[in-house]
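Structure first, commentary second.
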There are 2 protein chains.
Amino acid sequence: MNRKAQAAKAETPKQTDMLLRQFIGYNMKRAYLQVQEDMARTLEPLGLRVGTFSALAVIMGSPGISQTQLSEVLNIKRSGVVVVVDDLERAGAVERKPVRTDRRAYALHVTQEGSQLWKRAEAAVQAHEAALFTDLEAPEQRALQELLVRAARSAKHTREAGK
Amino acid sequence: MNRKAQAAKAETPKQTDMLLRQFIGYNMKRAYLQVQEDMARTLEPLGLRVGTFSALAVIMGSPGISQTQLSEVLNIKRSGVVVVVDDLERAGAVERKPVRTDRRAYALHVTQEGSQLWKRAEAAVQAHEAALFTDLEAPEQRALQELLVRAARSAKHTREAGK
DNA sequence: TATTGTTATACTCTATAACTATA
DNA sequence: TATAGTTATAGAGTATAACAATA
């Protein structure tokens, strides 16, 4: 890229998206995409993607959970869970154990290897988020957390009420 | 779904994702996905998707913008812009006008029809966000807005510094 | 040589639908 | 009949790479 093009690029951020900035949804999208891209890069060296990282976390926190339950927590379809669990099982992080009371279902468990992987991944993401949000004071980060949770809940309620 | 399954589903929200809730990125994702789904439904009757809505807004705010500039604002590749602009042009909302000084480029302009479409879409999304976030007081909504903008900026700075 | 818009192609994530084996 | 997991397939959104026209 030549000097002229670089200069033009540097000038671009003069808010050509002014009409969009008024929308919470738009700002959510921009913030999310920024963060998610970095998240993926942080997890890659550990052999995880955002989806497998999330699944590993849920199975860690709820040993014995079924794939159907996992699909509800992660808000994806059962068919999508198969791929994610296949991936984690191939990596030796998770096991499908038979359920005595229901031979159709699997109980998902994190292996010892998976447990260690989780610890490393959790620490990596914690460190990464700490670095990522240095421009926000700790109370501001907590405020953001709370507002995001409440916004998601509000949106969910509104949708479910409007059926 | 029978009664037993419904009961099980109703019980599910006992925070099996506890280990994920600590991460801002996770809460951003959940909130964003909730909102984006509703956004898409709001725009559908107007013949718009989230991507074409955003592009229309930017072209409204920056008449004569080129496709390359648009790709930078929207954070997508030039090849992706072609599809979006094709869509808006087919709908009669946007025109590609030749640029005298550069015969390779197009200057994008919103037609009168497109301008009216934008007004309807803007009002629809405003109304929808107002309904969606009723659980948040107006000052909280503003605080969320500001924190999202700063979080995105912080993440961007961190990434660019870490090259 | 570099850039604009374009096309063709591929990849990721997710959804839908049909299937099996159990319940 | 209904459910758990699976498979095959398709769609949306985006990326990469190569191209013609123009700078």
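Bear in mind the structure is a predicted one, so any value in this text is a computation, not a measurement. Reminder, nothing fancy here: chain letters follow the sequence lines and each chain counts from 1.
No salt bridge links D135(B) with K156(A); every basic N to acidic carboxylate O contact stays at or beyond 4.0 Å. Using a 4.0 Å cut-off between a side-chain N of Lys or Arg and a carboxylate O of Asp or Glu, E140(A) and R150(B) qualify as a salt bridge.
The CG-C1' distance, from L108(A) to dG5(D), rounds to 11 Å in whole Å. Here the P atom of nucleotide dT12(C) and the CD atom of E44(A) are 11 Å apart, to the nearest Å. To the nearest angstrom, P of dT16(C) lies 13 Å from CD1 of I76(A). The distance from atom CE of M39(B) to atom P of dG13(D) is 13 Å, rounded to the nearest whole Å.
In F23(A), the CZ atom is crowded: over 12 heavy atoms of neighbouring residues, nucleotides or ligands sit closer than 6.0 Å.
Using modelled atom types, one side-chain atom of T158(A) and one backbone atom of S154(A) make a donor-acceptor pair closer than 3.5 Å. Although no hydrogens or angles enter the test, the distance criterion places a donor-acceptor pair under 3.5 Å between the side chain of S66(B) and the main chain of Q69(B).
Between V84(B) and R49(B) the shortest side-chain heavy-atom distance does not fall below 4.5 Å.
Non-hydrogen atoms lying under 4.0 Å from DNA chain C are contributed by R78(B), S79(B), V82(B), R96(B), R104(B), all within residues 77-104 of chain B. Taking every heavy atom of residues 25-38 of chain A and every atom of DNA chain C, no pair lies under 4.0 Å.
Heavy-atom distances to DNA chain D give each of N75(B) and Y106(A) a nearest nucleotide, and the one nearer the 5′ end belongs to Y106(A).
The phosphate of dT6(D) (OP1 or OP2) has a side-chain N or O of Q67(A) nearer than 4.0 angstrom.
Paired with R90(A) under the rule side-chain contact (heavy atoms from CB on, under 4.5 Å), one option of L88(A), V94(A), D86(A) passes, and it is D86(A).
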Can you give each donor-acceptor pair under 3.5 Å made by side-chain atoms of residues 112-126 of chain A, sequence neighbours left out, with the distance rounded to 0.1 Å?
unit_1: E122(A); atom_1: OE2; unit_2: Q22(B); atom_2: NE2; d: 2.8
unit_1: Q126(A); atom_1: NE2; unit_2: Q22(B); atom_2: OE1; d: 2.7

